[in-house]
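Just follow the structure's listing: the first ligand is 1, and inside any ligand the first atom is 1.
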Amino acid sequence: MKKDEWSLEDFEIGKFIGEGKFGKVYLAREKQSGYVVALKVIFKEKLEKYRFHAHLRREIEIQHGLNHPNVLRLFAWFHDDSRIFLVLEYAARGELYKFLKDLHHFSEKRAATYVSSLAGALAYCHQKHVIHRDIKPENLLLDVEGRLKIADFGWAVQSNAKRHTMCGTIDYLAPEMVEKREHDHAVDNWTLGILCYEFLYGGPPFEAEDQYDTFRRILKVDLKYPSTPRVSAEAKDLISKLLVKDSSKRLSLQKILEHPWIVKNADPSGSCNE
Ligand code: AMP
């Protein structure tokens, strides 16, 4: 699928997959190659309303330059008078979050496989000087084989609908962000700790009745491990080495990949179907 100029004519449009704040996503097939993709249709009018043009452009450029098995590919984009079209890799199994809700929590094998995939993808992004990826579970998709794909463009956080369904995204904020201090790529390592906990227990660690309480618990690193579901000491060891207030003391992405719990449990193929 390589071409300089794409247009809607190049695709057969299939079923409707879903809707975000800026537009709709459809299954599509590139006519020449038969390649199946997800086509995201963004309405320019909506972008204008939210003054989002420049932001989208930057995010598209970043995403287009990334090529990693755990980062959703953006193959191409084009536009007409009223719409922008993003030609995306199709993640057939959809949102990881949906599976977490259905299963309540993941097995250690599955959780470790996802954490390992995320750490690998983030290491790749950091190498390319792409930081502050937004790695909340709602932005993680699964392909047909169950491999994790980071799917956000950063701007997805702007979606109020998503915030609502997540009951507030502040659960993923690192202490330095809560305190509005300067922050760097170590915020991603914190978020990996939050996600690892959420995968294993079914909910994020600092959840509270209201935002203020969540902030307070994040700043205190008020970390508690419930007795059920039963989670191994090695998994807790990894979580506690990521949820560290001093960002310079958090486990590095490389050390995450070498952690005994990851080495023992993560499926090297990146797909876990148990
Ligand atoms: P979004 O506009 O990114 O919020 O996406 C709207 C819906 O389409 C969400 O339910 C996503 O899970 C789904 N979706 C977005 N991109 C893809 C993709 N590349 N493959 C499969 N589903 C997707």
Distance-minimising heavy-atom pair for Thr191 and Tyr172: OG1-O, 3.6 Å
Donor on one side chain, acceptor on other, Tyr114 and Arg110, under 3.5 Å: yes
Within residues 248-266 or reaching into it, pairs that qualify as salt bridge (charged side-chain N to carboxylate O under 4.0 Å, His left out) - sequence neighbours excluded: Glu176-Arg250, Glu234-Lys264, Asp246-Lys249
Contacting atoms of ligand 1, where contact means under 4.0 angstrom from a heavy atom of Ala38: 18 (C), 19 (N), 20 (N)
Minimum non-hydrogen distance to atom 12 (O) of ligand 1, winning option of Glu95, Lys149, Lys98: Glu95
Mode of Glu89 contact toward ligand 1 - side chain, backbone, both, neither (heavy atoms, under 4.0 Å): backbone
Short N or O distance, Ala91 and ligand 1, threshold 3.5 Å exclusive: yes
Contacts of type ring pair (Phe, Tyr, Trp, His ring centres under 6.0 Å), residue His64, not counting sequence neighbours: Trp77
Atoms of ligand 1, numbered as shown, that sit under 4.0 Å from any heavy atom of Glu19: 6 (C), 7 (C)
Salt bridge Asp237-Lys241, side-chain N to carboxylate O under 4.0 Å: yes
Ligand-residue contact atoms, ligand 1 with Leu72, heavy atoms, under 4.0 Å: 19 (N)
Output field: ring centroids Phe75/Tyr35 closer than 6.0 Å: yes
Atoms in ligand 1 with a heavy atom of Tyr90 nearer than 4.0 Å: 20 (N), 21 (C)
